[in-house]
Amino acid sequence: DAGVIQSPRHEVTEMGQEVTLRCKPISGHNSLFWYRQTMMRGLELLIYFNNNVPIDDSGMPEDRFSAKMPNASFSTLKIQPSEPRDSAVYFCASSWGPSGGKVTQYFGPGTRLTVL
Amino acid sequence: DQQVKQNSPSLSVQEGRISILNCDYTNSMFDYFLWYKKYPAEGPTFLISISSIKDKNEDGRFTVFLNKSAKHLSLHIVPSQPGDSAVYFCGGAGSYQLTFGKGTKLSVIP
């Protein structure tokens with residue numbers, strides 16, 4: 001298995017632009033997580049999907065952020081409009097099992113976002 | 001409100017010696033605790049976990065200790081190897097999600 005795939009690996013954009021990050025989870029996994037890593041806040045959960053349904057989006061910082069999972073093999077995280085404080089590494093992770101496979105999650109390589 | 005705290009941003013250890021990484025938590029509802037390891041330009045990978053009803057779990061060179069009364073978790077690596085140099089995230093597992101600390105960067109010096 002190729003593992004969790006994220007694209008792009010790096011994104012540089014200007015303030016105000018729309019940014020879309022993409023994730024392909026491991027086949028057969030039923031839970032998908034989006035995380036953001038910053039120096040100040042560490043690794044924080046943004047949103048959790050189970051069987052393609054958003055279960056908890058309380059970590060999404062504001063309305064500028066939105067996430068979708070149209071099917072079991074694809075998810076997007078969109079920021080519109082982007083701001084410099086959104087600069088971070090964004091990780092997608094997937095897992096399988098009861099309780100969302102909460103202990104063992106498989107992370108993608110991340111997307112490093114820089115908003116100028 | 002940080003539910004998981006790793007108070008040491010970095011740690012340097014000589015190769016062959018013991019590395020001890022510490023973690024404190026505030027959420028009594030966590031039923032599992034875990035450590036993930038992260039190399040540069042890669043995503044975190046699962047390392048080891050422990051159930052909240054246990055006080056020790058061992059996997060090769062890695063041992064995690066849990067002190068529930070002190071709400072304290074530690075990871076011991078013995079002996080430390082240069083390949084262990086990475087950022088280590090401590091985490092707690094609630095009903096369905098993981099809550100991570102900010103990470104500790106371990107450098108193992110040859």
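Computation of the quantities below employed the complete heavy-atom set of this structure, encompassing side-chain atoms and omitting hydrogens, waters and symmetry-equivalent molecules.
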- Evaluate the ring planes of B:F89 and B:F100, with Trp represented by its six-membered ring, and classify them as parallel (under 30°), tilted (30 to 60°) or perpendicular (over 60°). perpendicular
- May I ask you to check whether A:F107 and B:Y36 place their ring centres under 6.0 Å from each other? yes
- Query: Given a strict heavy-atom distance threshold of 4.5 Å, which part of B:S49 is in contact with chain A: side chain, backbone, both, or neither?
  - Reply: side chain
- Note on the structure: The interface call for A:L43 against chain B, heavy-atom contacts under 4.5 Å, is both
- Query: More than 12 heavy atoms of other residues, nucleotides or ligands under 6.0 Å from CZ of B:R17: is that the case?
  - Reply: no
- Item | Choice from A:R112, A:E44, A:M40, A:R9 maximising heavy atom contacts with chain B below 4.5 Å | A:M40
- Task: Tell me, yes or no, whether the heavy-atom count around A:N71 atom CG, taken from other residues, nucleotides or ligands under 6.0 Å, exceeds 12.
- Result: yes
- Note on the structure: Highest number of heavy-atom pairs under 4.5 Å with chain B among A:M39, A:Q6, A:Q37 belongs to A:Q37
- A:Y106 versus chain B, heavy atoms under 4.5 Å apart: side chain, backbone, both or neither? neither
- Message: For B:Y25, I'd like to know if atom OH has over 12 heavy atoms of other residues, nucleotides or ligands within 6.0 Å.
- Response: yes
- Message: Heavy-atom cut-off 4.5 Å, strictly under: side chain, backbone, both or neither for A:R41 against chain B?
- Response: backbone
- Query: When the ring centroid of B:F62 is compared with that of B:H76, is the distance short of 6.0 Å?
  - Reply: no
- Item | Per-residue contact mode, B:L34 against chain A (heavy atom under 4.5 angstrom) | side chain
- Note on the structure: Ranked by heavy-atom pairs below 4.5 Å to chain A, first place among B:T45, B:V87, B:L98 goes to B:L98
